[in-house]
Every structure is written in C-alpha cells, then in structure tokens.
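In what follows, every chain begins at residue 1, and chains take the letters A, B, ... in the order their sequences are listed.
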Amino acid sequence: RLTERLGVLFKRLTGRGKLSEDNVKEALREVRVALLEADVNLRVVKDFLKSVKEKALGAEVLNSLTPGQHFIGVVKEELTALLEGAGDKLNLPKPATVLLVGLQGSGKTTTAAKLARHYQKSQGRESLLVACDTRRPAAREQLVRLADLIKADVHPRKPFTKDAPGTAREGVKLAAAAGRELTIIDTAGRLQIDEELMVELEELEAGLKPQAVWLVVDAMTGQAALEVAAEFHRRLELDGVIVSKLDGDARGGCILSIAGGLGVPVRFVGTGERPEDLEPFRAEGLAGRILG
Amino acid sequence: GLISGPLDDETAEELTDALILADVGPGPAEELVEKLRERRLSAEKPGDPAVELARIIAARLPAQPPDYAGPAPEIHLLIGVNGSGKTTTAAKLAKRAREAGRRVLLAACDTFRAAAVEQLELWSRRVGVPLIRHAEGGDAAAVLFDALEAARSRDVDLVIADTAGRLHAKRRLMDELAKLGRVVGKALGHEHPFRSGLVLDAANGQNSLQQARAFLEIGLADEVILTKLDGSAKGGVVLAVGAQTGLPVTWIGTGEGPDDLEPFQPQRFAAALVG
Ligand SMILES: Nc1nc2c(ncn2[C@@H]2O[C@H](COP(=O)(O)OP(=O)(O)OP(=O)(O)O)[C@@H](O)[C@H]2O)c(=O)[nH]1
Ligand SMILES: Nc1nc2c(ncn2[C@@H]2O[C@H](COP(=O)(O)OP(=O)(O)OP(=O)(O)O)[C@@H](O)[C@H]2O)c(=O)[nH]1
Ligand SMILES: [Mg+2]
Ligand SMILES: [Mg+2]
C-alpha cells in the first residue's frame, strides 16, 4: 500500500533519473505517516527519516527499478539494519538465570514456559521455572499449570511462604542443587513509573545477578513502548526484549522504537498462546510488516 | 503568539506531536490541529490553544449510553484481546455493583487459559460476589447458560461474564465468541438484550482501532473500558475508535486493586491527551 502511494508520487520519474529533494521530501512524508500508523515512536521516526533522506537524496535510480521501488528499497534496508543492528548474538552461558520483566499483561508468565520448552528442545537444557509474582491472584498456579504442560520443573509448587526476592533466591538454590542449566524467573507485571515496584526489581536483580534480563513487550504497544523500555533499561540494563502476540495483526512498530531508539536486541517473538509458540527473532519480514 | 491570534506553526507542531505521542494517530492529530487553526481564525478572542484543543476533543467523544432499562438480569460480557484486563475489570465492576445494592453474579467463561478460573475465583471471594464456574477445559457457552439460569432462579439482576482473551485476527476464536453471544438468546429469549464491554489496554497503539472494528463486526461491542490509565500511556486511540465506530468509553481502569475503576470523564481525558 505504501509502495503504491510512492509509485503514484514518483510516476513522472523514469529510470536513470536522480531522486530530487522535492521527490524525497514528499516520499518521506508518506513514510512518516506509515511508520506512525504502525506505532513507531515519534522521536525514532524523526531520526529514521533524517538518515533515510541522506541515503535517498541524489541516489541514482537504476534502470531495472522504478523510483518508488528504489526508494522503498532504501527505506527497507535502513529499517532492517536498525532492527538487526541492535546488540550482540545471543549466547546464554550454562548454567544461566534469566529474569523476565515487563508491564502488566505483556505475556511474561506464558513466555517463561515457552522459553523453558525452547531451550529443552533446542539445547537439551532442563529448566527450573520460578514463580515470583506474589501479587496477581493465581499467578503461581498459572505458571505451575504451564510447567506441568511442558513437563518442566517449577517452584514453588505450594502457596508462597516467602516474598519475591526470597522465593527467587530459594529457586536459584534449588536449581543449582538439581543441576538445572536454566533458571527462569517470572515476575509480577508493573508500571515503569511505579517507583516502589521498580526498586523491588532493581533489588531482585542485584541479589540474583542474572545472566540475562529480558523485557517482555506486547506487539500492539503504542508510543509509550520507548519510554517504558527506556526506564526498564535505565534501571536494570536489559539484555534483550521478547515481543509477544506477534500472531495478531498489530504492525509492531514498537519493535523499531526499542531496537532503534535504545539499541536493545530483540531475542524472541511470541506467536501464540501455546508453549511451542516462540521463535528466535528474525528482522526480515518485519520491515514489510511495519511499513504496511 | 501563544494566547491570541492565529495558530503559529511552532505551536501547531507542538500540539500535533503531543497528540501523536498520546496515540491519537497521525491523521486524526493533524485533522484536530487543523480544526483548532480554523476555529482560532474565526474566533473573536482566542484563548489558550491547548485548552481549546481539549474542548474540541472532548466534544467529539461519543456520549455515555443510557442506563439499562431492560428486563432482569442485565448482562455484561467482557471481551477483548489477551492481557487487556478483562478478568480484573470483571471483579471491579462486580464489586461496584454489589456495593450499589445490586444482586450480582460472576460467570467464569474463560475455560481455556491456565488458571483463569482460579484467578476469577479468588477475585469473586475478595469482592464478595458469587461465581458460576465449571471445570477447566469446559465449554464457555455452557458456563454462561448455567449462569443465566442461576440468575433467573436466584433473582439476580446483573450477570458479569469474563471471557477468554483472543486476538481479533483469529477467525475461529471470533466465531466462538459470536456463539457465546447467542447463548443469551437461548437462555432468556431472543429479545433479551445484553451489553459487551470491549476492554482496551491504554498502552495499545493504533491496533485498538482494528480490535474495535473486529469485535463490532461480530455484533459484540457496545462500549469501551479503557484499562491501565494509571500508566504513562494516554489511550488517545479511543478518539478514532469513537469516530469510526461510535463506541463510547464508559469506564477507566486506574490500577490493579478492586476499587481502581472510575467512570470515564471526557474533559479530563481530553486535557490529559493535550498534556
Ligand atoms: N496470541 C497470543 N497470546 C499470548 C502470547 N503471549 C501471551 N499471550 C496471552 O496473553 C495473555 C497474558 O499473558 P500472561 O503470560 O498472563 O502475561 P503476564 O505478563 O504474565 O501478565 P501479568 O503477570 O499480569 O503481568 C494470556 O492470555 C496469554 O495466553 C502470544 O505470543 N500470542
Ligand atoms: N496498572 C494496571 N494494571 C491492570 C489494570 N487492569 C488490569 N491490570 C493488570 O493487568 C494484568 C492482566 O489483567 P487480567 O485481568 O488478567 O487481563 P485479561 O484480559 O483477563 O487477560 P487474559 O484473560 O489472559 O486475556 C494483571 O496483572 C492485572 O492486575 C489497570 O487498570 N491498571
Ligand atoms: Mg504473569
Ligand atoms: Mg482473563
């Protein structure tokens, strides 16, 4: 759809021309609207358009491509680079502790079980799932139910006797004793502006010293995604992001906001409610989805 | 100038940016600021542009629906995508209704998700409203039917049914929800009305618009309940939802506790959007 609109815009230009300043300005306006409608953060959009403008201005239009297609090619390249470029390759040591954090309802508990299953299937690692959400009604039961579904170990199996940090410490000890190569800590959802709960998370991280802190983000999150991720990153130094509910029809612009705006890499994507619905992140295909 | 005269470009851009950051959407944001510009040109003595913009926005929000005037029981289905806050909102609405002296029943129609029934069960005890539930993995329609029968026999005047989260893009799940809607007709006759509250997370972006359209398309959306407004997101997309579907926002969720529910106030909401 964006390709069609750009085609109309450039239709007077034919092969072997150069993209003029006016051509590019108009085209950038179209891209801006497309990205904002896709929920990419406004600041990230502005920075992104600047870098695209530099690449596109004066660029030769090849004989084989129409100017509209050529321009979109430049945009897609820049977008993909931004999505891919963030951070190092994922390499969890053995053993490792992973801490899952994020806003309420983003998909942490479900993702915890998905990760346990993923690492069992792909690396033969056995996990211990640790329920540290002492707040939400039946949160522990939810994780226990999911753990049983995938035949993974889970703690605590009985109602909580300790607070979140105490339960986490207990879980890490049990995992070590049982030789579990992966400990996955599920935490309560919280607002990044909730001082008390963010401090609780900082203290949990300081005590656990996890090998990875991953933020679980709902694919349909709008403009707030950047400030949410930025605050979690500032407090905890995130090692990655997991985008959930990508099986919906949300364009997923929040992914570009976080990868582009913060440089935190996306590690996995959630594509459904079942334990098997988790895939490693791949940047190709996402550029097209975001651009619409 | 800021307080008088036509809208200068810098202020126009600031206001447009504020609206975009509030998830109003780029098209609607530009159109609203354009409307503000026109109004200020023809105004005798224009005031603060932000205040004026908030007024324009507030005037566009669909009006609240009238109070229920149908036969007992009033039925309220809570629907929406995964994690939006349906179960928690069901508990909040139940508590509020009970405290207002109504005879209320909760129905656990999420028979799918792990520990969904347990979650609502704990809430039902906490807010003092009885719950109709079946075993996990049961049939949601059977639970609702059961709840409506129980409501009739116990002279209950409000049934609040929690449903499973579902992505609106999943055809089969939407068909299941449509089927759930037809249960009301089976249990209480086809003239018996019911309301569906679409629960939208305030942190969602433009996808809320697709959600609203999709649930409306299966005839199951009468109002919007906007949750998690205690967060940093402003929920501006409900403006476009209202403009395109006519759906009014009735309640807002302002926290995780049972009392964290307030009636939607358009002026206050509009003022927050403009910052
Ligand atoms: N379709 C789909 N649903 C998902 C995905 N991930 C999680 N969900 C669903 O989203 C809802 C919320 O998931 P939870 O795992 O409870 O989220 P949470 O972050 O633990 O929630 P809190 O603990 O309350 O903060 C549930 O209905 C899940 O089944 C996904 O990738 N796709
Ligand atoms: N801060 C805040 N959190 C909320 C609000 N409403 C719900 N929550 C939280 O959001 C998370 C998800 O709420 P649920 O009620 O389980 O959402 P749901 O729509 O029933 O989820 P599914 O059944 O899995 O689709 C929980 O952690 C709630 O405590 C709200 O208004 N503010
Ligand atoms: Mg959880
Ligand atoms: Mg629920």
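Residue Asn204(B) comes nearest to Met220(A) through the heavy atom pair OD1-CG, 3.3 Å, listed as atom of the first residue, atom of the second, then distance. Heavy atoms only, all atoms of each residue included: Ala138(A) and Leu122(B) are closest at N-CD1, 3.5 Å. Here the closest heavy-atom approach between residue Asp23(B) and residue Gly222(A) is recorded as OD1-CA, 3.6 Å. Nearest approach of Leu36(A) to Pro26(B), heavy atoms of both residues: CB-CG, 3.6 Å.
Asn207(B) and Asp249(A) share a donor-acceptor pair across their side chains, judged by distance under 3.5 Å alone. In this model, no donor atom of one side chain and acceptor atom of the other lie less than 3.5 Å apart for Gln142(A) and Gln119(B).
If you measure heavy-atom distances from Arg140(A) to chain B, you find no contacts under 4.5 Å at all. Only the side chain of Val81(B) comes within less than 4.5 Å of a heavy atom of chain A; its backbone N, CA, C and O stay farther away. With a 4.5 angstrom heavy-atom cutoff, Asn41(A) touches chain B only via side-chain atoms.
Contact tally against chain A (heavy-atom pairs below 4.5 Å) for Ala114(B), Gly25(B), Ala202(B), Gly236(B): the top residue is Ala114(B). Among Arg113(B), Gln210(B), Gln211(B), Lys228(B), the residue making the largest number of heavy-atom pairs under 4.5 Å with chain A is Arg113(B). Chain B forms the most heavy-atom pairs under 4.5 Å with one residue out of Val144(A), Asp218(A), Ile193(A), Leu146(A), and that residue is Ile193(A). Note on Arg32(A), Lys46(A), Arg251(A): by heavy-atom pairs under 4.5 Å with chain B, the leading option is Lys46(A). When the candidates Gly231(B), Ala214(B), Gly27(B), Ala233(B) are compared by the number of heavy-atom contacts under 4.5 Å with chain A, Gly231(B) comes out ahead. Of all the listed residues (Gln192(A), Gln104(A), Glu227(A)), the one sharing the greatest number of non-hydrogen pairs under 4.5 Å with chain B is Gln104(A).
For CD of Gln244(B), the number of neighbouring non-hydrogen atoms (other residues, nucleotides, ligands) closer than 6.0 Å is greater than 12.
Heavy-atom neighbours of chain A within the stretch residues 83-95 of chain B, taken at a separation under 4.5 angstrom, comprise Gly83(B). Within residues 168-178 of chain B, the residues having any heavy atom closer than 4.5 Å to a heavy atom of chain A are His168(B), Ala169(B), Lys170(B), listed by residue number.
Considering only heavy atoms from C-beta on, Arg126(B) comes within 4.5 Å of Pro137(A) through its side chain.
Between the side chain of Asp39(A) and the backbone N or O of Gln206(B) there is at least one donor-acceptor pair closer than 3.5 Å.
Here Asp17(B) does not pair with Arg43(A) in a salt bridge; the nearest charged N to carboxylate O distance is not below 4.0 Å. Taking the charged nitrogens against the carboxylate oxygens, Arg145(A) and Glu118(B) do have a contact shorter than 4.0 Å, which makes a salt bridge.
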